[in-house]
Colleague: 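The following block contains the structure, expressed as structure tokens.
In what follows, chains are A, B, ... by sequence order, proteins preceding strands, each numbered from 1. Quick caveat, the model's predicted, so the values are computed rather than measured. Side chains included, hydrogens not; waters and symmetry mates left out as well; all remaining heavy atoms used.
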Amino acid sequence: MEKIFEKLNESQSQAVKQSEGPVLILAGAGSGKTTTIVSRLAYLVEVLGIPASNTLTLTFTNKAAKEMRERALDMIKDISYPPLLCTFHKFGLLFLKFNIHLLNRQNNFVVIDTDDKKRIIKKINSEIPTPLIASEISRYKNSLLTPDDAYKQAELFNYQQIAKVYEEYEAYLRENNLVDFDDLIALTYKLLDENPKLAETTSQKYQYIMIDEYQDTNELQLKLLQKLCTSHNNLCVVGDDDQSIYGWRGAHIRNIIEFDQDFKGTSTFKLENNYRSKEPILKVANALIEHNRSRLGKKLIATRGAGEDVSIINSHDENEESRKIAQKIKKLLDSGVRANDIAILYRVNVLSRSIEEGLNRTGIAYKLVGGLRFYDRAEIKDLISYIRIITNFHDDFSFKRVVNKPKRGLGKASIEKIELAAHASSSSIYEYIKKTSLADLETLVRKKNASTLKTFIKDIEKVSKVATESTYNFIDVLEETFHLKNIYAGMQDEAERILNMDEFYGLFRDFVKKSPESGLDEFLNELTLQSEQDQVEGESIYMMSIHASKGLEFEHIFIIGLEEGFLPLIGDGSDLEEERRLGYVSFTRAKETLTLSHAGSRFYKGRRSDLQKSRFFNEAGLCEGSLKVEKNTAFKKGDLVRHKIFGTGRVTGISKSGREFKLNINFAGTKRDILASFVERL
DNA sequence: AACGGCATCTTTTTT
DNA sequence: AGATGCCGTT
């Protein structure tokens, strides 16, 4: 018991002890959020004696879930009934496995990813852009709209069309027993909503619920949580409204801001002690985020003391910027800083390009995080499609993807003919080839192709048989039968692709070792829900988007592209407050030093454009000269000054605070102490 | 069936 | 600019 509280500060301890009722923990950046969640779980189990299996902790990423699980299991003695700690989507998957029969569906469904979704849509529709339909369908599902609702609601003809595609898409998923990402949440909600008894028992099973990164939840996830709280209201959510940066993906910042209205009787705790960044970094981050209106209000308090001032790199263009940054990083490395302690962040991925050049010239190794993800690589998708067709012969998409990989002389024309014939007899392509005699096939496609197709499906059947008998040998037989490594033979990136394939084979073997009695479909579902594994530790600096940096920390942070139009990014549907939060998230990744860079012009989208310095410099109190003490001495008693929040006031006293001057200012009768850099003289 | 040329698009990204 | 996707040619 004592041990749990040893490492916690006062507010963390209080949050941990508040086990009953709705709890909102506002956890600022670097305030020990994970420690608090894990300790709370340990407190529930070890101190209150609640069976771990009666708790539910949900996260957004597998990485977060994994870290928490490891730390929680360390603190819990009896783990024979472990706590359920997983992503929202994994929870949905587990729940559907047990309950989807209530929707008259079989629980051997397959989860499809965004790419499959788009392929299905493309097959159905022709005119309207696929990405638009995909995102609209996602929106419908998250608003619990059926295709019928969507149709009735549509005012424009285009949207009626989209609703029709949605209807066909749903029919397709059902026919093929497929489930998309949104379904994992939406169907789970639907089941709980339509079956009050099920909601009751589920809620009773999970007596204590915790949600990580609550600011990233959407409307539907909130509704799901309300269902899970049918029989109690022991819901503890942890998050930071200032770090909500996924609004464009449907995250609803109101969920965290109005949590106490959704769940009555909420106890709120603020974790404001920051254990990550040096004081000057926090000062800048706090100043920036204060300009947001829709926020609960929270100020990070530095516990790591004074440090280097935030520095600014001012360049003429992106080439000069990349030179300067490379030089500065070189200096850091020469002084003994480890490369992995340095990261360069940007709002838009394309900005990495110019920096890469500078780093290459200077001979600095770097690692790009994000970019193309492992499971999105063509060679990996090929392997996955092979496994799919082997698990489900009727998966036409996978069939078509792999039928000519490696090249077997089966081109588009032949496949189209076969597909058409298959459709006419309402069977899948596979089924059609199987049931049609060789002679009949030869009337459709040329002789050679007909026999190739026959061999192909025989091979698939053969490997499928191996898969059911022994998953252990499966992957080797797969490679031996189809020679998948030949797919990219002769291409300049062949070696890299084969390396990736080998890594995938390794992952498969690991899976078989870990769960020998599981089938291929379980492997596939596991894969679909997986995001890219964390890159291996190496001796190189990191480069990534600000979004990708959330949750991470580095000793030295460089942020490039602090210009109007890049950060804040300005465009269709952009939200200045969310841009400011992005700035805040990026600043608070830094532990020791923070360097902000902007350029006067950039080459972008095929042309050079002039750029203005980001307004965030001013908002963060980094206006020209504000860091220089000399300028602040210009203040004298009696000066009239203006503050962003408090308005106009008169200086009544001047004192020194660290490296800066602190002014005592009389704002309409109320005297306040304010750092000189936060006001401007009138 | 395979290749090459033309048009189009271009924020962030997890599951 | 550069990547991607579609279409027409060989």
Colleague: With A/Arg408, which residues qualify under salt bridge (Lys or Arg N to Asp or Glu O under 4.0 Å), at least two apart?
Modeller: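 With neighbours one apart ignored, the set is empty.
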Colleague: Could you tell me if A/Arg249 sits above the aromatic ring of A/Tyr246, with its cationic atom closer than 6.0 Å to the ring centre and no more than 45 degrees from the axis?
Modeller: yes
Colleague: Rounded to whole angstroms, how far apart are CE on A/Met544 and P on B/dT14?
Modeller: 12 Å
Colleague: With the criterion being N/O to N/O and under 3.5 Å, what pairs connect the protein with nucleotides 10-12 of chain B, and how long is each?
Modeller:
unit_1, atom_1, unit_2, atom_2, d
B/dT11, O2, A/Arg347, NH1, 3.1
B/dT11, O2, A/Arg347, NH2, 2.6
B/dT11, O4, A/Asp572, O, 3.1
B/dT12, OP1, A/Asn349, N, 3.0
B/dT12, OP1, A/Asn349, ND2, 3.2
B/dT12, O4', A/Arg347, NH1, 3.1
B/dT12, O2, A/Trp248, NE1, 3.4
B/dT12, O2, A/Arg347, NH1, 3.1
B/dT12, O2, A/Arg347, NH2, 2.9

Colleague: List the residues meeting side-chain contact (heavy atoms from CB on, under 4.5 Å) with A/Thr443, not counting sequence neighbours, and say none if there are none.
Modeller: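 Applying side-chain contact (heavy atoms from CB on, under 4.5 Å) to A/Thr443 gives none.
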Colleague: Under 4.0 Å, counting only non-hydrogen atoms across every strand here, what does A/Phe566 touch: a base, just sugar-phosphate, or nothing?
Modeller: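 Answer is nothing: A/Phe566 stays at 4.0 Å or more from every strand.
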Colleague: B/dT14 C1' sits how many Å from A/Phe60 CZ, rounded?
Modeller: 9 Å
Colleague: Who passes side-chain hydrogen bond (donor to acceptor under 3.5 Å, both in side chains) against A/Tyr169, sequence neighbours left out?
Modeller: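 If we apply the side-chain hydrogen bond (donor to acceptor under 3.5 Å, both in side chains) test to A/Tyr169, skipping adjacent residues, the hits are A/Asp180.
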Colleague: Please list, in numerical order, the residues of residues 177-185 of chain A that have a heavy atom closer than 4.0 Å to any atom of DNA chain B.
Modeller: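 By residue number: A/Phe181.
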Colleague: Check salt bridge (Lys or Arg N to Asp or Glu O under 4.0 Å) between A/Arg254 and all other residues, then give those that pass, not counting sequence neighbours.
Modeller: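 With neighbours one apart ignored, the set is A/Glu258, A/Asp262.
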Colleague: Who are the side-chain hydrogen bond (donor to acceptor under 3.5 Å, both in side chains) partners of A/Arg71, not counting sequence neighbours?
Modeller: A/Thr35, A/Glu67
Colleague: May I have the distance from A/Phe88 (atom CZ) to B/dT13 (atom P), rounded to whole angstrom?
Modeller: 21 Å
Colleague: Separation of A/Glu318 atom CD from C/dA1 atom P, in whole Å?
Modeller: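 Atom CD in A/Glu318 sits about 13 Å away from atom P in C/dA1.
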Colleague: Tell me whether A/Glu564 contacts the main-chain N or O of A/Arg615 through its side chain, where contact means a donor paired with an acceptor under 3.5 Å.
Modeller: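 Yes, A/Glu564 side chain to A/Arg615 backbone: donor-acceptor pair under 3.5 Å.
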Colleague: Quickly work out the A/Arg408 CZ to B/dA2 P distance and round it to whole Å.
Modeller: 12 Å
Colleague: Find the distance A/Lys66:NZ to B/dT14:P and express it as a whole number of Å.
Modeller: 17 Å
Colleague: Who pairs with A/Tyr346 by ring pair (Phe, Tyr, Trp, His ring centres under 6.0 Å), at least two apart in sequence or on another chain?
Modeller: none
Colleague: Under 4.0 Å between any heavy atoms, over every strand shown, what does A/Asp216 touch: base, sugar-phosphate, or nothing? Just pick one.
Modeller: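 No contact.
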Colleague: Check residues 444-452 of chain A and write down every donor-acceptor pair under 3.5 Å in which the side-chain atom is one partner and the other belongs to a residue at least two apart or another chain.
Modeller:
unit_1, atom_1, unit_2, atom_2, d
A/Asn449, ND2, A/Ser414, OG, 3.3
A/Ser451, OG, A/Lys448, O, 3.0
A/Thr452, OG1, A/Lys448, O, 2.7

Colleague: Can you name the residues that form a side-chain hydrogen bond (donor to acceptor under 3.5 Å, both in side chains) with A/Lys90, not counting sequence neighbours?
Modeller: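 Applying side-chain hydrogen bond (donor to acceptor under 3.5 Å, both in side chains) to A/Lys90 gives none.
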Colleague: Can you tabulate the close N/O pairs, meaning under 3.5 Å, that link protein atoms to atoms of nucleotides 3-7 of chain C?
Modeller:
unit_1, atom_1, unit_2, atom_2, d
C/dC6, OP1, A/Lys122, NZ, 2.8

Colleague: Whole Å only: how far is the CG atom of A/Asp113 from the P atom of B/dT13?
Modeller: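 Rounded to the whole Å, the gap is 17 Å.
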Colleague: Can you tell me which residue pairs pass the salt bridge (Lys or Arg N to Asp or Glu O under 4.0 Å) test with a partner in residues 346-357 of chain A, sequence neighbours excluded?
Modeller: A/Arg347-A/Glu579
